[in-house]
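Single-structure report; data block below.
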Number of protein chains: 2
Amino acid sequence: MKKVSSKVVERLLIYRRLLRLYMQTDGPNIYSHQLSRMTGFSSAQVRRDLMEIGYFGSSAHGYDAEELLKSIDEFVNISEDFSIALVGLGQLGRAILDYFQGHGPNLRIEVGFDINPQKIDRVIQGCRCFHVDRMDEVLKNTNILVGIIAVPATNAQDIADRFISNGINSLLNYTPTRLQLPPHVFVENIDLMNSIEKAIFFARRPR
Amino acid sequence: MKKVSSKVVERLLIYRRLLRLYMQTDGPNIYSHQLSRMTGFSSAQVRRDLMEIGYFGSSAHGYDAEELLKSIDEFVNISEDFSIALVGLGQLGRAILDYFQGHGPNLRIEVGFDINPQKIDRVIQGCRCFHVDRMDEVLKNTNILVGIIAVPATNAQDIADRFISNGINSLLNYTPTRLQLPPHVFVENIDLMNSIEKAIFFARRPR
DNA sequence: TTCACGTTGTGATTTTTTTCACATGATTGC
DNA sequence: GCAATCATGTGAAAAAAATCACAACGTGAA
């Protein structure tokens, strides 16, 4: 299957989300310039992105929203249920848990890990919680492919290593730590402090 | 002053953070290949980035860590205290509050807004909380330049507009809404669902 | 002093990403 | 039926970002 850049995937997922909203209220078809307005990406970019997944519209009616949505769904192929593990159930970890268990029906944080005895062996928001020491044991018996890291920065690398040694090759890193990873592992860094510092920088400097 | 891309700023802020750690334990000087190993960026990229801010090392001892840090600090210029406003004090908003008030000494979420009466007119984590209806009034009397949006997706645009009409031109958007903004406004989108969907995608597809 | 070594700074190049611009094709109004 | 209109798909161009590769330099050992 054709390789596709992370940026394109990101935008496709955005179209996907917007299409769902669009279909609830608007007509059955949609134009690239509409997606452009909704996203802020240029209409040429929208068309290029849709080319990538081999979906073709008509020059008269643009794209059939429902078909397009289905095409993107097929392409990203995350419709079936998907299990995730989360390490770190502090304030941030619980917010993440809350956010994901609330929203999407197709993804689910299956298990959580922490070192705080208050969190362990409970079920929080439908997520079974274990002591971090049991990661290997627990992960062995699941088919989790994505790990979320929401621990203090100093422990992030350890947790990442543990995930990887259990065959997990896609990580969400909510710490500012720059993880050292083998090249086949995907990581998305969500660095809250970095984001706000950038925002502060550009609050005063033009782009 | 020279314009500099968001990507470069992002990396400079990462170097800045790592330099602080590095200086606590390691020698007074540092090489581009060390920063490369720590960050995952190539050493050539590190050198290019440092060129941008006009800091020059020596070919024998690399960079003087302290001087370099000072140069980056001067460049990003976010050392003095900096006030921020946060709208939305739900689970996510409070996690953000917790995170930022805990960490950096130089930035501070000064005021918060919500519609939940339980949150209003209290001080949470050193952040004074008001009803959203009082945004104009409260923001008028501060010199806040950065706004954080952590409300339900459907309200995000309204809040953004309100921020902008009060002269705030740099936003952190924690909702999946794609904001429509005038071109001078900087926005950093932190789209949690998008991130995890990307991670799921790349868990199964090579890059 | 001189040479070997390792690092910087950077021009040139490559790669990636985005935009331009237009031929093509479908539809509508007349 | 035909012209006018408006979107698409895409080759070509441009812009942005990253990498290559090497001259120049400073140091330390001999």
Side-chain angles (χ1 to χ4, degrees), chain A residues 2-15 19 22 26-65 67-69 71-72 75 178 183 186 189 198 202 206-207, chain B residues 2-15 19 22 26-65 67-69 71-72 75 178 183 186 189 198 202 206-207:
Chain A
K2 188 159 57 124
K3 79 172 165 42
V4 53
S5 84
S6 173
K7 294 212 168 184
V8 173
V9 174
E10 181 171 318
R11 286 192 300 264
L12 285 169
L13 290 166
I14 289 170
Y15 304 145
L19 279 169
Y22 182 85
D26 296 82
N29 52 294
I30 189 167
Y31 299 104
S32 62
H33 66 81
Q34 290 179 286
L35 280 166
S36 167
R37 251 203 319 282
M38 292 190 270
T39 57
F41 311 134
S42 76
S43 64
Q45 176 131 79
V46 172
R47 295 198 297 276
R48 270 261 187 270
D49 289 336
L50 301 188
M51 263 181 68
E52 291 268 323
I53 62 170
Y55 180 75
F56 295 91
S58 92
S59 59
H61 301 117
Y63 305 96
D64 178 306
E67 271 181 27
L68 175 53
L69 179 56
S71 289
I72 298 178
F75 178 79
R178 303 290 303 178
F186 175 86
N189 294 305
K198 248 191 292 181
F202 285 111
R207 248 139 319 125
Chain B
K2 189 157 56 117
K3 79 169 165 43
V4 52
S5 84
S6 173
K7 295 214 166 184
V8 173
V9 174
E10 181 172 318
R11 286 192 301 265
L12 286 169
L13 291 166
I14 290 170
Y15 304 145
L19 279 169
Y22 182 86
D26 295 83
N29 52 293
I30 190 166
Y31 299 104
S32 63
H33 66 81
Q34 290 178 286
L35 281 165
S36 168
R37 250 202 319 283
M38 292 189 272
T39 57
F41 310 136
S42 75
S43 64
Q45 175 127 78
V46 172
R47 295 199 296 277
R48 270 263 189 272
D49 289 337
L50 301 188
M51 264 181 66
E52 291 268 322
I53 62 170
Y55 180 75
F56 294 90
S58 92
S59 57
H61 301 117
Y63 305 97
D64 179 306
E67 271 182 29
L68 175 53
L69 179 56
S71 288
I72 298 178
F75 177 78
R178 304 288 305 178
F186 175 85
N189 294 304
K198 250 192 291 182
F202 285 112
R207 248 141 320 123

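Chain identifiers are assigned alphabetically (A, B, ...) following the order of the sequence lines, protein sequences preceding nucleic acid strands; residue numbering begins at 1 within each chain.
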Task: Short side-chain N/O contact to dT7(C) OP1/OP2 from H33(B), under 4.0 Å - done: yes
Open item on the list: Quick one: does any side-chain atom of S36(B) pair with a main-chain N or O of S32(B) as donor and acceptor, under 3.5 Å?
Closed with: no
Open item on the list: Whole angstroms only, please: what is the CD1-P distance between I53(B) and dG9(C)?
Closed with: 11 Å
Task: Atom-pair distance (OH on Y31(B); P on dT27(D)), nearest Å - done: 11 Å
- [ ] May I ask you to test the L12(B)-L50(B) pair for a side-chain heavy-atom distance under 4.5 Å?
- [x] yes
Open item on the list: Categorize S32(B) for me: base, sugar-phosphate, or nothing, with a 4.0 angstrom heavy-atom threshold over every strand shown.
Closed with: sugar-phosphate
Open item on the list: Less than 4.0 angstrom between a side-chain N/O of S42(A) and OP1 or OP2 of dT18(C), yes or no?
Closed with: no
TODO: For F41(B), answer base if it contacts any base atom (sugar-phosphate contacts may also be present), sugar-phosphate if it contacts only those atoms, and nothing otherwise; contact means non-hydrogen atoms under 4.0 Å.
DONE: nothing
- [ ] Fit a plane to each ring of Y15(A) and F41(A), take the angle between them on a 0 to 90° scale, and name the class: parallel (under 30°), tilted (30 to 60°) or perpendicular (over 60°).
- [x] perpendicular
TODO: Tell me which of A60(A) and A44(A) sits closer to the 5' end of DNA chain C, going by the nucleotide each one is nearest to.
DONE: A44(A)
Open item on the list: Nearest to the F56(B) side chain among dT18(C), dG9(D), dG9(C), which nucleotide is it?
Closed with: dG9(C)
Task: Nucleotide dA7(D), atom P - distance to CD1 of I30(A) in whole Å - done: 13 Å
TODO: Answer yes or no: is there a donor N or O on one side and an acceptor on the other, between the side chain of Q34(B) and the main chain of Y31(B), under 3.5 Å?
DONE: yes
TODO: Taking only the side-chain heavy atoms of Y63(B) (C-beta and beyond), determine which of dT27(D), dT8(C), dT19(C) contains the nearest atom.
DONE: dT8(C)
Open item on the list: Any base atoms under 4.0 Å from S5(A), or only sugar-phosphate, or nothing? Heavy atoms, all strands.
Closed with: sugar-phosphate
Task: Protein-nucleotide distance (M51(B), atom CE; dA12(C), atom C1'), rounded to Å - done: 13 Å
Task: Rounded distance (Å) that lies between atom P of dT5(D) and atom NE2 of H61(A) - done: 18 Å
Task: R47(A), nearest nucleotide to its side chain (from dT18(C), dA21(C), dT19(D)) - done: dA21(C)
TODO: Decide yes or no for V8(B) and R48(B): does some side-chain heavy atom of the first lie under 4.5 Å from some side-chain heavy atom of the second?
DONE: no
Task: dT17(C) base / R48(A) side chain donor-acceptor hit below 3.5 Å - done: no
- [ ] Would you kindly give the CG-to-P distance between L68(B) and dT8(C), to the nearest whole Å?
- [x] 11 Å
TODO: State which of dT18(C), dG9(D), dC20(C) makes the closest approach to the side chain of Q45(A).
DONE: dT18(C)
TODO: Find the distance D49(A):CG to dT10(D):C1' and express it as a whole number of Å.
DONE: 14 Å
Open item on the list: Check the phosphate of dC6(D) against S59(A), side-chain N and O only, distance under 4.0 Å to OP1 or OP2. Yes or no?
Closed with: no
Task: E52(B) CD to dA16(D) C1', straight-line distance once rounded to whole Å - done: 12 Å
